[in-house]
Amino acid sequence: MMEGDLREAWEKVIQEVENSRTSFAFPSQPPLLEIKPQNRAGMAAFDYTLSNKNNERKVIVLAYVRDSQTRELIAAGSMDDLWEYDGKGILRLSFGPECRSVTAYALYQDEVDRENNDILYRYETNISGS
């Protein structure tokens with residue numbers, strides 16, 4: 001769970017992203033979500049780049065995870081904030097006992113046309129053992 005000023009700042013950025021874009025299901029592999037319900041923690045691993053069938057690449061700009069029911073922001077980070085491991089960007093998660101499912105989002109931007117060609121993807125999963 002995020003705290004205070006950082007949460008508020010991310011909420012403003014994410015609200016603007018969500019208000020100006022429709023989110024779509026991830027086109028291929030969704031982010032890997034490793035959740036440990038017993039200690040209310042986990043991680044989300046996002047691909048740094050995605051390619052479409054025309055071989056056009058999109059790079060991650062930001063990633064975040066929300067509680068699917070309450071829409072509470074659980075974690076957020078820009079590309080530079082993500083911990084890099086095995087070609088993926090990792091976000092650490094910490095959530096309350098009332099959380100039953102999470103939705104992971106990632107904003108990707110065209111590698112060439114960064115001004116006009118971005119897309120918001122989403123993936124929802126239940127928390128086992130909740």
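Computed from a prediction, not measured in an experiment: that's the story for all the values here.
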> Are R71 and E18 ion-paired here, with the side-chain N under 4.0 Å from a carboxylate O?
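Result for this pair is yes, salt bridge flagged.
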> R66 and side-chain contact (heavy atoms from CB on, under 4.5 Å): which single residue from V102, I74, I14 fits?
I14
> Can you find a pair of side-chain heavy atoms, one from F24 and one from I119, that are under 4.5 Å apart?
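F24 reaches I119 side chain to side chain.
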> I'd like to check the ring-ring contact (aromatic ring centres under 6.0 Å, His included) partners of Y123; sequence neighbours left out, ordered by chain and number.
none
> I'd like to check the ring-ring contact (aromatic ring centres under 6.0 Å, His included) partners of Y105; sequence neighbours left out, ordered by chain and number.
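Applying ring-ring contact (aromatic ring centres under 6.0 Å, His included) to Y105 gives Y64.
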> Counting C-beta onward and ignoring hydrogens, is there a side-chain heavy-atom pair between I127 and R100 closer than 4.5 Å?
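In short, these two side chains do not touch, never coming nearer than 4.5 Å.
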> Please set out all donor-acceptor pairs under 3.5 angstrom arising from side-chain atoms of residues 81-90, sequence neighbours excluded.
unit_1	atom_1	unit_2	atom_2	d
D81	OD2	S78	N	2.9
D81	OD2	S78	OG	3.1
K88	NZ	D47	OD1	2.4

> Quick check for you: to the nearest 0.5 Å, what is the distance between N126 atom CG and I35 atom CD1?
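Here the interatomic distance stands at 10.5 Å.
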> Roughly how far apart are R122 CZ and F26 CZ, rounded to 0.5 Å?
10.0 Å
> Any side-chain donor-acceptor pair under 3.5 Å between Q69 and S101?
yes
> Could you point out which residue of I60, L62, D118 forms a side-chain contact (heavy atoms from CB on, under 4.5 Å) with Q109?
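That would be D118.
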> Which atoms form the tightest heavy-atom contact between A44 and F46, and what is the distance?
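Taking A44 first and F46 second, the nearest heavy atoms are CB-CE1, 3.6 Å.
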> Is there a side-chain contact between L32 and M43, using heavy atoms and a 4.5 Å cut-off?
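L32 reaches M43 side chain to side chain.
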> So how far is it from R57 CZ to S51 OG, rounded to the nearest 0.5 Å?
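Here the rounded value is 5.5 Å.
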> Ignoring hydrogens, what is the shortest heavy-atom contact between L93 and V65? Give both atom names and the distance.
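Nearest heavy atoms, L93 then V65: CD2-CG2, 3.7 Å.
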> To check you understand the geometry: which heavy-atom pair defines the closest contact between L91 and A63, and what is its length?
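Nearest heavy atoms, L91 then A63: CD1-O, 3.6 Å.
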> Do you know which two heavy atoms are closest between E98 and R40, and how far apart they sit?
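Smallest heavy-atom distance, with atoms named: N-NH2, 4.5 Å.
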> Of all heavy-atom pairs between Y121 and P27, which one has the smallest distance, and what is that distance?
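So the two residues come closest at CE2-CD, 3.3 Å.
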